[in-house]
Chemist: 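Right, I'll just put the structure down here and ask away after.
Hydrogens, waters and symmetry mates play no part in the numbers below; they use all other heavy atoms, side chains included. Throughout, a chain's letter reflects where its sequence line sits, starting with A, and its residues are numbered from 1.
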Amino acid sequence: MLRRPPVDGQGRLAARNGYSSSIQLFLSVKNREIAKILYDMAELLELKGENRFKIIAYSKAARAIESLKEDIEDVWRQGELKAIPGVGKAIADKVREYLETGQIQSYQILVAETPPGLTELLQVQGMGPKTVALLHDKLGVTNIDQLEQAALQHRIRRLPRMGATREANILKSIDRYRRRSTRIPLYVAKPIVDQILDYLGQIPGLEHITVAGSFRRGRETVGDIDILATSSSPEAVIGAFVQMPSVEEVLGQGPTKASVIVKETVQVDLRIVDHRSYGTVIQYFTGSKEHNVKLRGLALQRGYSLSEYSLKRVATGEELYFDREEDVYARLGLPYIPPELREDRGEIEAALAGKLPRLVELQDIKGDLHVHSAWSDGLGSLEELASAAQGLGYQYLGLCDHSPSVGIAGGLSEERLQEKIAAVEKFNQGQDGFRMLAGTEVDIKADGSLDYPDRILESCDLVVASIHMAQNQTEREINGRLISAIENEHVDIIAHPTGRLIGRRDPYDVDLQAVLEAARGTGTIMEINAHPNRLDLDDHWSRVAKDMGVPVAINTDSHAPDQLRLMSYGIRVARRGWLEAGEVVNTRPLTDLLPLLDR
DNA sequence: GCCGTTTTCGGCCCGACTGTTTTCAGTCG
Ligand SMILES: Nc1nc2c(ncn2[C@H]2C[C@H](O)[C@@H](COP(=O)(O)OP(=O)(O)OP(=O)(O)O)O2)c(=O)[nH]1
Ligand SMILES: [Mg+2]
Ligand SMILES: [Mg+2]
Ligand SMILES: [Zn+2]
């Protein structure tokens, strides 16, 4: 279908002011590199026993630069480095030094002073900066193997505040460290969470139970599973928790919380408090840590001390209890901040200013614009797909099977595609209030051309374009392919723009900022692929797209009717990207969507 | 090292659990 021309002056203006191509190539890579160095510096300074607030300052600056929406090099050129929250004179100077010379002197010195391997020791549970420094000073331990030897040879127990138990625990921690896995994708954590909730739900004395932490915030991966419960007999609940059949190791256990390991490497934390503290404790345990720290700082400014137990008036010591976290935020003068936003990425400032977005919800979705069918490698007839879609309250589905060069996935020949278009047309005649869109997921070939000729694309209701082959090309080549697809007037949507598979495959070498600039110029829609392995665009880039005014669609890329339900994963990404319903094209009813696809 | 509708100095979130301690530092959430 024909895409619309640039819709507003904003798009054209931005295109003119766009970044020069040499900068585009490295955009956001520098942000990542500098953030990494600052994180490293924080650890190295910590090992040197530096002031802890200095360390916090470095970590905070690193985080701010990591989640920056602009290219740090542009920020520098505009003389705005110190406008980044957490970046002051000293760190701004270091950033400038890095951008000018490619290195940071003080960082080089820190690295040279510190044996390689020492910072890795901080990854071992229970090993903090003080212990690492002590074992390095007294025993010359500089890496994991030496730490293990020191423990096995009982050399650690002779040091102050060390003992036999400590040694044994270090050995256990080293073992866990060596078996450690990466962060767990949300959808992998989901059944584990459900199982634990089910199990604990049956324990007598348990009142309320829910999942918190990064899982509740909808992060794409979680580092552990955080469960919150209220009970007036917490010890009994903790006891039952550590006795769960799936528990392989108990890391710690007290009257209010416990941590265990299940499934070899998955840590589960359980926290229990009295129900009167429910509002504050769910706020606390949902996090993020950075959000909590900032909120607690704000509370202090307002004369309160906020903990998981209560909001306490500092002046009088009076404790206020809340049933709901909304009320905690309200008492601090803030509107409710949805968990997906709680990353200290400006949400508290936005809340204070009354400028929080009204986040898109699953109920806002009116259709799915990237769905496979039995015509290619998917399962499901038109009837089955339409029925599943209508069950979800949808008004339309974009039926997008593969193109010929994706032969392994049953890509359709031109003839087959035309048959499909005819079949869809016939199908639609029997429909009332539902429309199947005859589409394609056309491959963007290695040379940047599309896998169907224009006259075929023109006959589709919907054209989704994406990269499947030659994923190892250079950034310049990948960008060239994506941008030429964007510039093809028939292409409506770019699917899974970076190609990453969570935990399995890195993104292509792609400069997404430049791709988004191009999409803004043409009004091409960028996909948030909701498949929980993909989530592509991710939350960060979804927010960049939002801020740039690039339209977004949330699509499941379903290969079977029941996969349409995966939409909820994409919704979480969109919400974490601050997107409102109006910024997501498939919240539009059919009649408002069609003009976007066809002038 | 950063920051400021109380501040340019003096704060920077607050609490649980462990192992060692005889009163608490270190680590983690
Ligand atoms: N106030 C405060 N809360 C914290 C701190 N550390 C953790 N929390 C709270 C907020 C976290 O979301 C929650 C669970 O801690 P986790 O270490 O499991 O972090 P989270 O789940 O956010 O991320 P994860 O995916 O597990 O790495 O506990 C802290 O230092 N201060
Ligand atoms: Mg967690
Ligand atoms: Mg945790
Ligand atoms: Zn697909």
Side-chain angles (χ1 to χ4, degrees), chain A residues 38 41-42 45-46 49-64 81-95 106 121-135 156-170 172-173 212-214 222-228 234 238 242 250-260 267-273 277 280-281 283-312 314 319 332-333 344 348 352:
Chain A
L38 293 174
M41 289 186 78
L45 291 168
E46 206 173 15
E50 264 286 0
N51 177 301
R52 66 194 181 95
F53 297 111
K54 184 167 167 180
I55 288 143
I56 290 170
Y58 272 86
S59 306
K60 211 177 150 200
R63 252 179 50 82
L81 283 178
K82 287 175 66 177
I84 301 170
V87 176
K89 176 160 187 343
I91 292 180
D93 281 346
K94 290 181 173 61
V95 171
S106 52
L121 290 176
L122 292 170
Q123 303 303 309
V124 177
Q125 256 176 42
M127 295 286 292
K130 296 287 196 276
T131 311
V132 171
L134 179 75
L135 299 191
I156 293 175
R157 62 179 65 177
R158 295 200 295 268
L159 298 174
R161 300 192 61 83
M162 295 290 153
T165 310
R166 205 67 227 287
E167 256 171 7
N169 285 343
I170 287 173
K172 278 193 214 159
S173 290
S214 49
V222 298
D224 67 359
I225 291 170
D226 301 292
I227 308 279
L228 172 65
I238 300 268
V242 300
V250 179
L251 299 178
Q253 178 183 356
T256 76
K257 68 177 187 180
S259 293
V260 301
Q267 180 170 332
V268 183
D269 293 339
L270 174 68
R271 184 67 202 261
I272 304 188
V273 297
S277 294
T280 45
V281 76
Q283 192 292 314
Y284 152 74
F285 213 32
T286 297
S288 67
K289 173 189 171 184
E290 292 77 11
H291 174 89
N292 287 356
V293 168
K294 179 158 280 184
L295 192 69
R296 288 169 179 211
L298 182 74
L300 284 173
Q301 284 179 24
R302 304 230 189 297
Y304 294 105
S305 171
L306 174 62
S307 75
E308 59 267 52
Y309 295 110
S310 69
L311 194 59
K312 184 158 62 181
V314 175
E319 300 208 69
L332 295 173
D344 187 25
I348 291 181
L352 283 168

Chemist: Nearest to the side chain of Val293(A), heavy atoms from C-beta on, is which of dA16(B), dG1(B), dC13(B)?
Modeler: dC13(B)

Chemist: In terms of the nearest nucleotide of DNA chain B, which residue is placed more toward the 5' end: Gln301(A) or Ala61(A)?
Modeler: Ala61(A)

Chemist: For Arg52(A), report the nucleic acid contact type (base, sugar-phosphate, nothing); a contact means any heavy atom under 4.0 Å.
Modeler: nothing

Chemist: Pick base, sugar-phosphate or nothing for Gln267(A), based on heavy-atom distances below 4.0 Å to the nucleic acid.
Modeler: sugar-phosphate

Chemist: State whether Asn169(A) places a side-chain N or O below 4.0 Å from either non-bridging phosphate oxygen (OP1 or OP2) of dG19(B).
Modeler: yes

Chemist: I'd like the C1' distance from dG15(B) over to dT8(B), given in whole Å.
Modeler: 32 Å

Chemist: Would the base of dG15(B) count as contacting Tyr284(A) through its side chain, where contact means a donor and an acceptor less than 3.5 Å apart?
Modeler: no

Chemist: Any sub-3.5 Å donor-acceptor pair from Gln125(A)'s side-chain atoms to Ser173(A)'s backbone N or O?
Modeler: no

Chemist: Touch check for Arg161(A), heavy atoms < 4.0 angstrom, all strands: base, sugar-phosphate only, or nothing?
Modeler: base

Chemist: Under 4.0 Å between any heavy atoms, over every strand shown, what does Ile55(A) touch: base, sugar-phosphate, or nothing? Just pick one.
Modeler: nothing

Chemist: Can a donor-acceptor pair be found between the side chains of Glu319(A) and Ser310(A) at a distance below 3.5 Å?
Modeler: yes

Chemist: Under 4.0 angstrom, heavy atoms only, what part of the nucleic acid is Asp269(A) near: base, sugar-phosphate, or nothing?
Modeler: sugar-phosphate

Chemist: Heavy atoms only, 4.0 Å cut-off, all strands: where does Lys89(A) land among base, sugar-phosphate and nothing?
Modeler: sugar-phosphate

Chemist: Please determine, by modelled atom types, if Glu167(A) and Asn169(A) share a side-chain donor-acceptor pair under 3.5 angstrom.
Modeler: no

